[in-house]
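Take a look at the structure set out below.
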Amino acid sequence: MSSYSGVLVSDQWLQSQFTQVELRSLKSKFSSTKNQNGKFTVGDLLPLLVKLKAFREMYTEDEITGILGDQGSDFGDEIDFEGFLRAYLNLQGQAMEKLGGPKNSSSFLKATTTTLLHTISESEKASYVAHINSYLGDDPFLKQYLPLDPATNDLFDLAKDGVLLCKLINVAVPGTIDERAINTKRIINPWERNENHTLCLNSAKAIGCTVVNIGTQDLVEGRPHLVLGLISQIIKIQLLADLNLKKTPQLVELVDDSKDVEELMSLPPDKVLLKWMNFHLQKAGYKKTVTNFSSDLKVFVTPIPLYQGTLYRRCYRRHDLAENIARRTAIDSVVVVLNYTLFFPISAAHDFDFIPLVFSLIYTQDGEAYAYLLNVLAPEHCSPATLDTKDPTDRAKLVLDHAERMDCKRYLTPKDIVEGSTNLNLAFVAQIFHERNGLSTDNKKISFAEMMTDDVQTSRDERCYRLWINSLGIATYVNNVFEDVRNGWILLEVLDKVSPGSVNWKHASKPPIKMPFRKVENCNQVVRIGKQLKFSLVNVAGNDIVQGNKKLILAFLWQLMRFNMLQLLKNLRSHSQGKEMTDADILKWANRKVKSTGRTSHVESFKDKSLSSGIFLLELLSAVEPRVVNWNLVTKGESDDEKKLNATYIISVARKLGCSIFLLPEDIMEVNQKMILTLTASIMFWSLQQPVDDTDGSMSPADASVTTSTPDESPAPSISGEDESSSLGGEFSNFSIDDAASDTTVSSLVDNEGSSVLE
């Protein structure tokens, strides 16, 4: 495993404006230009900045030239890397001003860059700390550090060694990480800390988190906005885990017929939660529809211009004005705070019938949504005072008291309800759902819902491809593969990612797509590109994808995923002379790698039943990095229980090494050929990037014979008498990487890092 060091900048403020992913991308471009020209000048900024997607969509080349010229620098002046970063920030700042401020930027976890200003919500931080204290307070290792104090930075300090985040992932999706693979010591060295963060990020991707712009160095530094963003996603996944028909078939009560069931299955969990909430609100007689977890659940405050002469002429009394506004806007409860801002001189006011006044309207009709919901779900705890209370903060307090009597955890405060915190309101509603969903147990309906869900293998495959697509960093997030790919757009995004330039975007229609033939056009282009990439698509048309043919969609996605990993492996080979990488090459490499350590294990194919024990895969992992496998934890893999222990350990060790994989322990136990291939290819990809240690080449064959060992012993040291190049009959260049191991994934292994800032 290569040593890791982040890109360091002497100016701490400047370094804080970039993630390590961004710094590595920008450093690579800066160094490339400097190496070509011998130095980097102000004049070199222009061609480099023009290539940035974020800037070329905002500025012409002449405009960028003008901005650089306004800085008063001579285009021949040499600048260092920090000067380049400052120029980048300056241009980005002007771009954001041009867009109208930060409000137009994307979410920081998905944005092209995450610079300039990072703010965190103290309310969210306090809620996440409470969640961690509650769920991990009894953890054997973490209990010595818990409970955390939300008023301090203890959360970010504790997250720096990676243990907390790994444990939190296991709380969200139990069994994701084999805790035997986590380095848990009071004091761990940088190597072990980096391993924990690599394991954390790859596991986070494997449960559906978006971590495109986060590297291990960012977590080592404990960057608050990135740590909180990751924790927020993990907790959200935990709270929404049961919002699907497979886990909660009673949700079928929310719809009327089979077509609506299909629509329900395609909804993301948060939309299902909203549908559930509105279902009960309608039953309770609430007339509004809640469409989000922010503005629809908060006490809304907005200034609006009202004209005295048209609506409220001669209406000066606060009470009368409130009644008028309530009647004309259908707002149930109105408190009007008059702020007499006259746009005319007082002396002239009497000469005008139309005097614009600015009123701050505070209405609380949507603050009642919680009261209605809790009253219908837990009438035994109902209090008439909740609905009668006009003060928004007092009503919010009563709502939370009601929820607490239902044993709901307090994820938010009255202030959070009043201000409409999206994440905390979602967490609160999810807690209510978990404690009491209020759905019927009609066996007939439940049986119908269970019949509509996919079989185990189909669900497993769908999960794998969904997570893989989301790990690529494309613009669209996939919630359900079978539904989301039917318009063709997501498949075009993936194709453009794995085979850049293959998509003709002029002939593509972006969602929402109302005309059915536009969806067919998109899918026809998908099939056409697939055939160009030599996919097996006999008698397949775009309309098959539009119709949601699951078997065809899974087959296409497997070929797409396989093409991606083979291309990535091919791109690592020097002097390959254009030879394509094949499954046989990967198998041959794996067997020779294991043999090079003096072991005798050998597999005939990726369907070899001996793979179910996990021993061969553990030997392969040990061959590429001897210290990564603790053989004292490995079983013989004879019984099903032993096989599962080994399979779980294999997946965590591979992720800890730096492999981004999405298979499950069952895929190894049942020898799922496709998933075993992706795992082996990911290990191979990681291995081929490591620099070859020339000192190992001096080992003699005699030395090799001494290293033979059994799985019960410590792993044999790696022997490079047969190096990477000989294992494939070609030559491989020595790679030296300064990335976090987590950035070397089989899903987005090459492009993600560069595309996060540069194209």
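Values in this document were obtained by computation on a predicted structure and should not be read as measured data. Values below: every heavy atom of this structure, side chains too, minus hydrogens, waters and symmetry copies.
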Criterion side-chain contact (heavy atoms from CB on, under 4.5 Å) on Lys644 and Thr648, from CA distance to verdict | CA-CA 6 Å; Lys644 186 160 188 176; Thr648 305; 4.1 Å; yes
Stepwise salt bridge (charged side-chain N to carboxylate O under 4.0 Å, His left out) check, Glu483 with Lys550 = CA-CA 10 Å; Glu483 293 299 323; Lys550 293 182 180 180; over 6 Å; no
Where do Asp583 and Gln673 land on the side-chain contact (heavy atoms from CB on, under 4.5 Å) test, with the steps shown first?
-> CA-CA 11 Å; Asp583 298 0; Gln673 179 184 1; 5.7 Å; no
Stepwise side-chain contact (heavy atoms from CB on, under 4.5 Å) test for Leu677 and Met565 | CA-CA 10 Å; Leu677 172 59; Met565 67 185 182; 3.5 Å; yes
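Between the side chain of Asn470 and the main chain of Leu467, no donor-acceptor pair closer than 3.5 Å is present. Remark: side-chain polar atoms of Ser499 are not paired, donor with acceptor, to backbone N or O of Leu495 under 3.5 angstrom. Between the side chain of Asn170 and the main chain of Ile177, a donor-acceptor pair closer than 3.5 Å is present. Side chain of Asp667 to backbone of Leu664: a donor-acceptor contact under 3.5 angstrom is found. With Lys497 contributing its side chain and Ile474 its backbone, the two residues share no donor-acceptor pair below 3.5 Å. Between the side chain of Ser652 and the main chain of Tyr649, no donor-acceptor pair closer than 3.5 Å is present. Of the possible donor and acceptor atoms, none in the side chain of Trp589 sits under 3.5 Å from a partner among the backbone N and O of Met684.
For the residue pair Asp242 / Thr248, no side-chain donor-acceptor distance below 3.5 Å is found, with atom types taken as modelled. A side-chain N or O of Glu493 and one of Thr476 form a donor-acceptor pair less than 3.5 Å apart. Gln457 and Asp461 form a side-chain donor-acceptor contact under 3.5 Å, judged by distance and modelled atom types alone.
Salt-bridge formation is not detected for the pair Lys595/Glu619: no Lys NZ or Arg NE/NH1/NH2 atom is positioned less than 4.0 Å from an Asp or Glu carboxylate oxygen. The existence of a salt bridge linking Glu580 and Lys570 is confirmed by a sub-4.0 Å separation between a basic side-chain nitrogen and an acidic carboxylate oxygen.
Among residues at least two apart or in separate chains, there is no salt bridge (Lys or Arg N to Asp or Glu O under 4.0 Å) pair with a member in residues 601-617. A side-chain hydrogen bond (donor to acceptor under 3.5 Å, both in side chains) check over residues 502-513, counting only residues at least two apart or in different chains, returns the pairs Asn504-His507. Legend: side-chain hydrogen bond (donor to acceptor under 3.5 Å, both in side chains) pairs involving residues 515-535, not counting sequence neighbours, sorted by first then second residue: Arg518-Glu521.
Side-chain contact between Leu554 and Phe482 is present, with at least one heavy-atom pair separated by less than 4.5 Å. Residues Asn194 and Thr198 are in side-chain contact: their nearest non-hydrogen atoms beyond the backbone lie under 4.5 Å apart. Taking the side chain as every heavy atom from C-beta outward, Lys593 and Ser687 approach each other to under 4.5 Å. Side-chain contact between Phe662 and Thr678 is absent, with no heavy-atom pair separated by less than 4.5 Å. Contact of the Leu251 side chain with the Leu254 side chain is registered, since non-hydrogen atoms from C-beta on lie closer than 4.5 Å.
Of the residues listed (Val540, Val485, Asp544, Val526), the one engaging Phe556 in a side chain to side chain contact (heavy atoms under 4.5 Å, CB included) is Val526, and it is the only one.
Distance check: Cys166 SG to Asp178 CG gives 11.5 Å after rounding to the nearest 0.5 Å.
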